[in-house]
K.L.:
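Next up is a structure, given as structure tokens.
So that the names make sense, note that chain A is the first sequence line, chain B the second, and so on, each numbered from 1.
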Amino acid sequence: DAKTTQPNSMESNEEEPVHLPCNHSTISGTDYIHWYRQLPSQGPEYVIHGLTSNVNNRMASLAIAEDRKSSTLILHRATLRDAAVYYCILRDPYGGATNKLIFGTGTLLAVQP
Amino acid sequence: NAGVTQTPKFQVLKTGQSMTLQCAQDMNHEYMSWYRQDPGMGLRLIHYSVGAGITDQGEVPNGYNVSRSTTEDFPLRLLSAAPSQTSVYFCASSYVRTGNYGYTFGSGTRLTVV
């Protein structure tokens with residue numbers, strides 16, 4: 001399974017943008033880049049995913065490098081409710097057994113008021 | 001639309017006891033999976049299924065059994081509980097053959113084995 005590398009922790013101030021990086025140098029052509037977050041004492045929550053182009057939704061934006069070896073999750077205005085562990089995961093939906101999500105250790109985001 | 005429902009939310013077992021963690025989804029997802037999360041760690045995949053009648057092992061399958069007789073349900077069985085199985089267990093589901101959907105997770109079952 002292709003691996004991802006994320007910083008262990010990051011800090012942000014409330015109402016400021018946050019850029020969470022992820023490196024995935026061994027990504028294959030059919031791997032989608034997924035981001036999930038886990039709030040304290042809750043199950044993981046889907047945030048966003050993409051293949052090649054940058055993606056936006058109501059929660060965040062995903063910027064994907066042209067060579068797809070890295071990506072950045074962007075929270076445009078961090079709130080205290082965004083404090084969570086953020087996971088960057090590669091998923092191949094056409095790979096059968098590789099359809100599964102394998103979690104790394106993620107980035108713990110702290111948001112200061 | 002309930003999403004992914006896990007029961008029970010909390011459970012205490014004695015070593016050697018057996019139990020089944022229930023997981024049900026109402027989204028007609030083909031793919032279902034079980035994860036465990038130990039304190040301060042990420043999620044580790046136990047077993048997964050790509051459809052009714054099909055199951056496979058994940059990263060940490062030892063001590064757990066699964067079956068998938070219907071699309072909606074994917075129970076996880078502990079045949080003889082051990083303290084090392086103390087953890088929080090999450091069930092997740094998704095469509096299989098498209099990249100346009102994420103996984104939906106349940107709220108978890110917190111299991112303590114004494």
Side-chain angles (χ1 to χ4, degrees), chain A residues 1 3-9 22 27-53 55 57-60 62 64 68 73 84-108, chain B residues 2-7 9-10 21 23 25 27 29-51 54-61 66 68 74 87-110:
Chain A
D1 296 321
K3 302 297 184 189
T4 63
T5 304
Q6 300 177 252
N8 289 333
S9 62
C22 182
I27 191 170
S28 72
T30 51
D31 281 333
Y32 281 73
I33 302 160
H34 281 242
W35 283 82
Y36 288 77
R37 72 179 186 180
Q38 188 173 21
L39 302 173
S41 301
Q42 295 189 25
E45 173 187 31
Y46 167 79
V47 176
I48 199 167
H49 77 281
L51 183 62
T52 57
S53 303
V55 184
N57 67 20
R58 63 175 180 82
M59 292 181 67
L62 176 60
I64 301 173
R68 298 207 329 124
L73 179 70
V85 178
Y86 287 79
Y87 297 98
C88 168
I89 306 169
L90 302 183
R91 179 193 180 195
D92 178 1
Y94 305 101
T98 59
N99 200 356
K100 57 186 183 289
L101 282 179
I102 301 296
F103 283 78
T105 54
T107 297
L108 175 62
Chain B
V4 176
T5 302
Q6 290 185 238
T7 56
K9 292 191 183 303
F10 301 93
L21 280 62
C23 177
Q25 53 91 10
M27 297 169 284
H29 286 168
E30 305 96 337
Y31 185 92
M32 296 185 74
S33 56
W34 278 101
Y35 292 85
R36 62 175 287 173
Q37 186 172 34
D38 299 321
M41 296 182 66
L43 283 78
R44 292 184 292 171
L45 181 65
I46 304 172
H47 285 286
Y48 64 98
S49 168
V50 298
I54 306 169
T55 63
D56 207 345
Q57 297 181 350
E59 303 169 279
V60 289
V66 292
R68 183 94 179 269
F74 190 45
S87 190
V88 181
Y89 292 83
F90 292 102
C91 179
S93 72
S94 171
Y95 293 112
V96 170
R97 289 294 181 180
T98 174
N100 290 329
Y101 295 92
Y103 280 43
T104 301
F105 283 80
S107 57
T109 294
R110 188 173 299 272

K.L.:
Taking everything shown except B/R110 itself, do over 12 heavy atoms lie less than 6.0 Å from its CZ?
P.N.:
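At most 12 heavy atoms, drawn from other residues, nucleotides or ligands, come within 6.0 Å of this atom.
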K.L.:
Is A/Y36 reaching over with its side chain to a backbone N or O of B/Y103, donor-acceptor style, under 3.5 angstrom?
P.N.:
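Checking the backbone N and O of B/Y103 against the side chain of A/Y36, a donor-acceptor pair under 3.5 Å is found.
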K.L.:
Search all heavy atoms of B/M41 against all heavy atoms of A/Y87 and return the closest pair with its distance.
P.N.:
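Scanning both residues completely, I find the closest heavy atoms to be O-OH, 4.3 Å.
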K.L.:
Could you pull out the closest heavy-atom pair between A/H34 and B/G102, with the gap in Å?
P.N.:
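Where A/H34 meets B/G102 most closely, the heavy atoms are CE1-CA, 4.1 Å.
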K.L.:
Go through the atoms of B/Q6 and report whether side chain, backbone, both or neither lie under 4.5 Å from a heavy atom of chain A.
P.N.:
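No part of it gets close to chain A.
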K.L.:
State, to 0.1 Å, how close B/L43 and A/F103 come at their nearest heavy-atom pair, and which atoms those are.
P.N.:
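Answer, listing the atom of B/L43 first, then A/F103: O-CB, 3.5 Å.
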